[in-house]
2 protein chains.
Amino acid sequence: MKDKIVVALGGNALGKTPREQLELVKNTAKPIVDLIQHGHEVILAHGNGPQVGMINLAMSTASNSEAGTPEMPFPECGAMSQGYIGFHLQNAIREELLNRSMNVPVATVVTQVVVDKDDPAFQNPTKPIGAFYSEEEAKILQASKGYTMVEDAGRGWRRVVASPKPIDVAEKDTVSTLVNNGHVVITVGGGGIPVVREGNSLIGVPAVIDKDFASEKIAEILDADYLIILTAVEQVAINFGKENEEWLANLTTEQAAKYCDEGHFAPGSMLPKVQAAMAFAKSKPGRKALITSLEKAEEGIEGKTGTLITF
Amino acid sequence: MKDKIVVALGGNALGKTPREQLELVKNTAKPIVDLIQHGHEVILAHGNGPQVGMINLAMSTASNSEAGTPEMPFPECGAMSQGYIGFHLQNAIREELLNRSMNVPVATVVTQVVVDKDDPAFQNPTKPIGAFYSEEEAKILQASKGYTMVEDAGRGWRRVVASPKPIDVAEKDTVSTLVNNGHVVITVGGGGIPVVREGNSLIGVPAVIDKDFASEKIAEILDADYLIILTAVEQVAINFGKENEEWLANLTTEQAAKYCDEGHFAPGSMLPKVQAAMAFAKSKPGRKALITSLEKAEEGIEGKTGTLITF
């Protein structure tokens, strides 16, 4: 049976340098193309934490140096990361498809994700980005640029930005048109370029949208059958790392909510994945979410492994 | 009459900093949306000289600094520039459309342009990119990285890369699908990310593809009616800046070839524009190319100004 599947790739699917990324995307492409070869429609989302961090750090370092390049706002750094990652990822998938004599177009769409400017997250920025500063430098940045700076685990001061919830995908018509015409689409890279609506404008805002939530949003919009969140582990566990650790093959949204409340899942790690999976499974009857590792995606779809989250 | 029009935007349509770009794209959007409002299908290409230069300089400065970010190859910098420019440009066009109550989707496609690895240009790199170096530093870069370094008009040494001819657009099916479904598409940004074919792979190469030639290529592929090259002047001139200067309203490809041979047009400036226009006008009966300024695009289409190049 042919399913429409949104696959959210974790940080381990990419890499920290362009050279590393060029290698890693080759492995990433294989299970993705397995899904395509089995007749599924695949839409790809991916994180960009290390990549946008690197770009932001480079741009701010250079703007404070003799090079004197202009200061680059954070959303623009996100847009750059989509171009950079999309370039490598689309080529790796394209090559793997051609190696299997499959002529399927692959496209990266520069994608903006709309957030609510009144999202409470803006009152409490938590996501550290960019370079480390001394306390003195941090105070200057706070005063001169209005950044929120926090002390980061004894390693120095860093800027933090908000992590608001995605409410819409600005380029949804583009993604939808391409998917309906048989393209493999790479979208909402890094959770999307964060923007707010102001009248007819979309305005970039310094924020980090969780890529699992953005993937869930585009999966809903595209009326996908499956949301697959790929991460470093094969299954979701409760009591992770403890004696009574238990790996889960199936999880209802009700059970999942209970485990979330009980604190089984690490914030910023497994928690947003489980929450995104729950939201998707609850959004419409029949929708399923799967959390597994990149290597096990195909077996997961076949019901052999992974954690399947259903309503 | 509804025409399919590829519009190539010059450097003056964008800007050197993100702030400048955000302002300039608003002006750029107006004549583009005029064309769309008059029923034309519009595909947008743009240069990226100052932008990719800035990104490349920032990335290399940061990688040689304490920040220690990884070295970023030139094609990857080009991919970043497409995300960065597309983000601003698509939003300005989207907003101008909505201000006129037009609900037309606008999309930026990360686009690779294929060049021939045996293109003679690779034997004679001419396009300076990135920072200035001392002669000593230049020799080290030449030896350690295999860069071609040249002395640049007394200002220091710079890396030069080749400017090969575009032979194909890797994402042509994506662009075509979107255009056929009524999307305004931003593509071949900066002349496209330069790649060569190796078996089933596309490999990024350090090169600068002229955005006028890349625009001509995608216009041919899409079977466009018009190629409009927007630049700083309203018309093409012969004997430019001399007493017998003459502005041209019409130009046959034969006349244009003669003027090119006579050296009327500056290399790297008006010459590639005239050459791209000639190539398009010659590629199929009925195809027309127009060279004019951003502000005069609409009047140019109406035949009131600009230089129209026909077979």
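Note on naming: letters A, B, ... go to the chains in the order of the sequence lines (proteins, then strands), and numbering restarts at 1 for each one.
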Handout entry: Side-chain (B:Gln51) to main-chain (B:Gly15) donor-acceptor, under 3.5 angstrom
Key = yes

Handout entry: For chain A, the option from B:Pro70, B:Gly189, B:Ala62, B:Gly53 that forms the most heavy-atom pairs under 4.5 Å
Key = B:Pro70

Fill in the blank from the handout: Okay, A:Asp173 and chain B: the region with an atom under 4.5 Å from a heavy atom over there is both

Completion exercise
So, the part of A:Ala67 with a heavy atom under 4.5 Å from chain B: the answer is both

Exercise for the section: Determine whether the side chains of A:Asn91 and B:Gln112 contain a donor N or O and an acceptor N or O closer than 3.5 Å. Expected result: yes

Handout entry: Residue selection (most heavy-atom pairs with chain A, distance under 4.5 Å) from B:Val109, B:Ile193, B:Leu178
Key = B:Leu178

Exercise for the section: State, yes or no, whether a side-chain contact exists between A:Gln21 and A:Phe87 at a heavy-atom distance under 4.5 Å. Expected result: no

Could you go through residues 99-108 of chain A and list every donor-acceptor pair under 3.5 Å that involves a side-chain atom there, pairing it with any protein atom two or more places apart or in another chain?
from	atom 1	to	atom 2	distance (Å)
A:Asn99	OD1	B:Asn200	ND2	2.7
A:Asn99	ND2	A:Glu95	O	3.4
A:Arg100	NE	A:Glu96	OE2	3.0
A:Arg100	NH1	A:Asp34	OD1	2.8
A:Arg100	NH1	A:Gln37	OE1	2.7
A:Arg100	NH2	A:Lys30	O	3.3
A:Arg100	NH2	A:Asp34	OD1	3.1
A:Arg100	NH2	A:Glu96	OE2	2.9
A:Thr108	OG1	A:Gly86	O	3.4
A:Thr108	OG1	A:Gln90	OE1	2.4

Completion exercise
Greatest number of non-hydrogen atom pairs under 4.5 angstrom with chain A, of B:Arg94, B:Arg19, B:Glu171, falls to B:Arg94

Handout entry: Electrostatic pair B:Arg197:B:Asp116 at N-O distance under 4.0 angstrom
Key = no

Completion exercise
Honestly, the part of A:Lys16 sitting under 4.5 Å from a heavy atom of chain B is backbone

Handout entry: Trace of the side-chain contact (heavy atoms from CB on, under 4.5 Å) decision for B:Leu89 with B:His46
Key = CA-CA 10 Å; B:Leu89 193 54; B:His46 62 81; 4.1 Å; yes

Practice task
Ignoring hydrogens and angles, state whether a donor on the side chain of A:Thr69 or A:Ser63 is under 3.5 Å from an acceptor on the partner side chain.
Solution key: no

Exercise for the section: For chain B, find which of A:Glu20, A:His88, A:Glu71 contributes the most heavy-atom pairs closer than 4.5 angstrom. Expected result: A:His88

Practice task
State whether a side-chain donor-acceptor pair under 3.5 Å links A:Thr61 with B:Ser65.
Solution key: no

Problem - Part of A:Leu202 within contact of chain B (heavy atom distance under 4.5 Å) - result: both

Exercise for the section: Name the member of A:Thr17, A:Thr177, A:Ile85 that forms the most heavy-atom pairs with chain B at distances under 4.5 Å. Expected result: A:Thr177

Exercise for the section: Would you please go through residues 154-162 of chain B and name the residues with a non-hydrogen atom below 4.5 Å from one of chain A, in numerical order? Expected result: none

Exercise for the section: Heavy-atom distances under 4.5 Å only: say whether A:Glu76 touches chain B with side chain, backbone, both or neither. Expected result: both

Practice task
Find the one option among B:Ala79, B:Ala92, B:Cys77, B:Pro73 whose heavy-atom pairs under 4.5 Å with chain A are most numerous.
Solution key: B:Ala79

